[in-house]
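The structure under discussion appears below in the form of structure tokens.
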Amino acid sequence: MEYTTLGKTGLKVSVAGLGCGGPSRLGMRSQTGAEEHAVRMVKQALDLGVNFLDTAQNYETEEIVGKAIAGLPRDRVVISTKKTLPTPDQTNPEAEIVTGLEQSLKLLGTDYIDVYHLHGVEPKHYQFAQDRLIVPMRRLKEQGKIRFIGVTEGFVFDTAHTMLADSLKKNLWDVVMVGFSLLNPSARKSIFPLAMQRGVGVLDMFAVRRALSQPKRLQEMCAELIEKGVIGKDELDVNDPLGFLLKETDAVTLPEAAYRFCRHERGVDVVLTGTGNPDHLKENVRSILKPPLPKAALQKLESLFGGMDSLTGS
Ligand SMILES: NC(=O)c1ccc[n+]([C@@H]2O[C@H](COP(=O)([O-])OP(=O)(O)OC[C@H]3O[C@@H](n4cnc5c(N)ncnc54)[C@H](OP(=O)(O)O)[C@@H]3O)[C@@H](O)[C@H]2O)c1
């Protein structure tokens, strides 16, 4: 495994992080009685050298992470978890942050969280989050229950990073989580330069998702882009839109190419991989540790998707 420093937090983190949410939630979504399987997935990641584990209140995988790390020295892992945003109409949203944190600590079996985020903040709720929720988060930080605070975007409805761009205007956050992939590299312009300048740690989500792991989904998505005139008919083969990545580079699979693309982006600290499949996990960690894709392939991707800020790849 390779390790890096997560911005100004100074945390030493593996460049591959385990995403315990997403479509797979460590296999919890598809398998019945999957809890033991999910615990094994987390342990497998740790055996592969991953030390960054990302979960959330609403993934229902905090307890799984807690079981997998029980008995390990606490500083062996960097735990990132998230609080679902209390709605602005609540009378005491500050108290909800405290209650949520206490619940996460209990489920994770720990007395502190390394990075505690507000989860999937919509642009329209950002001001509320900044005005009301940072205060209790900072108090918890002073109490030693949180080491660093972060904010994650709701990428599915904020594909152009409006909220995160807003959040970086002031130096309030230690870490951000952003959607970035070869299908939507827009964070390269709107997020990474400022995050690097401010020393904000950057976690990458949506590197692969469905479009880059399911050929049919990719075909449908590209057919739609051609129909809308976003991409010219002659620019790619609609039956095998990203075939050139496998023909013209040493990447063996599209998920491999997709994770490598993200891993070598300047400004990305940790690439999260979300899976319920042990073989995929092994493969993905290996991919994240491979060298960058060749320049010619990157240029081709840039000409096809470089200007996209509306795709999620879901
Ligand atoms: N707003 C937020 O805060 C937010 C939102 C979304 C995600 N996240 C975090 O980011 C993490 C990463 O996102 P993600 O889980 O969507 O991850 P991802 O790594 O982009 O994509 C995961 C999807 O790709 C498939 N996949 C992974 N490796 C594969 C391989 N080698 N071959 C074929 N298919 C493969 C998985 O299915 P299999 O299970 O079959 O492998 C799953 O459907 C999440 O787990 C979560 O921790 C945060």
Side-chain angles (χ1 to χ4, degrees), residues 16-31 34 37-38 41-42 44-45 50 52-62 64-65 78-85 115-123 125-126 129 150-159 161 163-164 167 173 175-184 187 202-218 246 251-263 268-288 290 311-314:
L18 182 67
C20 304
S24 298
R25 276 187 25 210
L26 300 172
M28 296 287 286
R29 274 206 223 276
S30 53
Q31 305 188 22
H37 171 85
M41 292 291 302
V42 180
Q44 184 195 357
V50 170
F52 190 91
L53 307 173
D54 178 64
T55 178
Q57 178 184 36
N58 82 354
Y59 297 165
E60 295 173 9
T61 52
E62 290 183 310
I64 284 159
V65 171
V78 174
I79 300 176
S80 153
T81 193
K82 321 186 195 76
K83 175 74 189 82
T84 306
L85 210 71
V115 189
Y116 196 56
H117 311 259
L118 294 178
H119 195 170
V121 178
E122 292 186 45
H125 291 149
Y126 180 70
V151 60
T152 81
E153 64 183 354
F155 186 51
V156 172
F157 45 78
D158 187 14
T159 55
H161 321 291
M163 184 286 296
L164 275 189
S167 79
W173 305 95
V175 178
V176 295
M177 188 182 293
V178 57
F180 172 79
S181 74
L182 59 81
L183 298 174
N184 180 346
V202 172
L203 311 169
D204 175 32
M205 59 178 171
F206 284 72
V208 163
R209 218 56 186 194
R210 292 194 173 98
L212 294 165
S213 62
Q214 298 174 11
K216 195 161 171 286
R217 181 69 201 107
L218 182 66
L246 307 185
V252 183
T253 65
L254 267 191
E256 176 191 323
Y259 284 123
R260 282 169 71 179
F261 177 89
C262 295
R263 157 70 181 112
V268 170
D269 296 316
V270 176
V271 178
L272 295 168
T273 172
T275 178
N277 179 323
D279 293 332
H280 288 174
L281 178 58
K282 205 172 2 157
E283 204 175 293
N284 298 347
V285 168
R286 208 182 301 135
S287 302
I288 289 170
K290 283 193 178 175
L311 301 175
T312 65
S314 285

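Read the numbers this way: they start at 1 and go in the same order the structure lists the ligands and their atoms.
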Expected output: side-chain [X] to main-chain [Y] donor-acceptor under 3.5 Å:
| X | Y | value |
| --- | --- | --- |
| His117 | Val175 | no |
| Arg217 | Ser314 | yes |
| Gln57 | Thr84 | yes |

So is [X] polar-close to ligand 1, meaning N/O to N/O under 3.5 Å?
| X | answer |
| --- | --- |
| Pro255 | no |
| Met205 | no |
| Gly120 | no |
| Phe155 | no |
| Arg210 | no |
| Met177 | no |
| Ala207 | yes |

Return the closest protein heavy atom for [atom] as residue, atom name and distance.
| atom | value |
| --- | --- |
| atom 3 (O) of ligand 1 | Thr152 OG1, 2.8 Å |
| atom 34 (N) of ligand 1 | Ser213 CB, 3.3 Å |
| atom 17 (O) of ligand 1 | Gly274 N, 3.4 Å |
| atom 37 (O) of ligand 1 | Ser24 OG, 3.3 Å |
| atom 1 (N) of ligand 1 | Glu153 O, 2.8 Å |
| atom 13 (O) of ligand 1 | Phe206 N, 4.0 Å |
| atom 8 (N) of ligand 1 | Tyr59 OH, 3.3 Å |

Determine, considering heavy atoms only, which of [options] sits nearest to [atom].
| atom | options | result |
| --- | --- | --- |
| atom 9 (C) of ligand 1 | Asp158, Asp54, Leu203, Leu212 | Asp54 |
| atom 2 (C) of ligand 1 | Lys282, His119, Arg209, Met41 | His119 |
| atom 31 (N) of ligand 1 | Asn284, Thr312, Leu18 | Asn284 |
| atom 12 (C) of ligand 1 | Leu272, Thr61, Leu118, Asn277 | Leu272 |
| atom 40 (O) of ligand 1 | Glu256, Arg286, His280 | His280 |

Next on the checklist: Under 4.0 Å, heavy-atom basis, I'd like to know which part of Ser181 is in contact with ligand 1: side chain, backbone, both or neither.
Outcome noted: neither
Item to check | Residue portion contacting ligand 1 (non-hydrogen atoms closer than 4.0 Å) for Lys82 | outcome: side chain
If you count the atoms of ligand 1 from 1 in the order shown, which ones are under 4.0 Å from a heavy atom of [X]?
| X | result |
| --- | --- |
| Tyr259 | 18 (P), 19 (O), 27 (C), 28 (N) |
| Thr273 | 19 (O) |
| Gly19 | 11 (C), 44 (C), 45 (O), 47 (O) |
| Cys20 | 45 (O), 47 (O) |

Checklist entry - How are the rings of Phe155 and His161 set to each other: parallel, tilted or perpendicular (split at 30° and 60°)? => result parallel
Next on the checklist: How about CZ on Arg210, more than 12 heavy atoms from neighbouring residues, nucleotides or ligands closer than 6.0 Å, or not?
Outcome noted: no
Next on the checklist: If you count heavy atoms of other groups shown closer than 6.0 angstrom to NZ of Lys282, is the number above 12?
Outcome noted: no
Checklist entry - Any luck finding a side-chain donor-acceptor pair between Lys82 and Tyr59 under 3.5 Å? => result yes
Checklist outcome for this item: Contacts of Phe180 meeting ring-ring contact (aromatic ring centres under 6.0 Å, His included) (sequence neighbours excluded), chain-then-number -> Phe192, Phe261
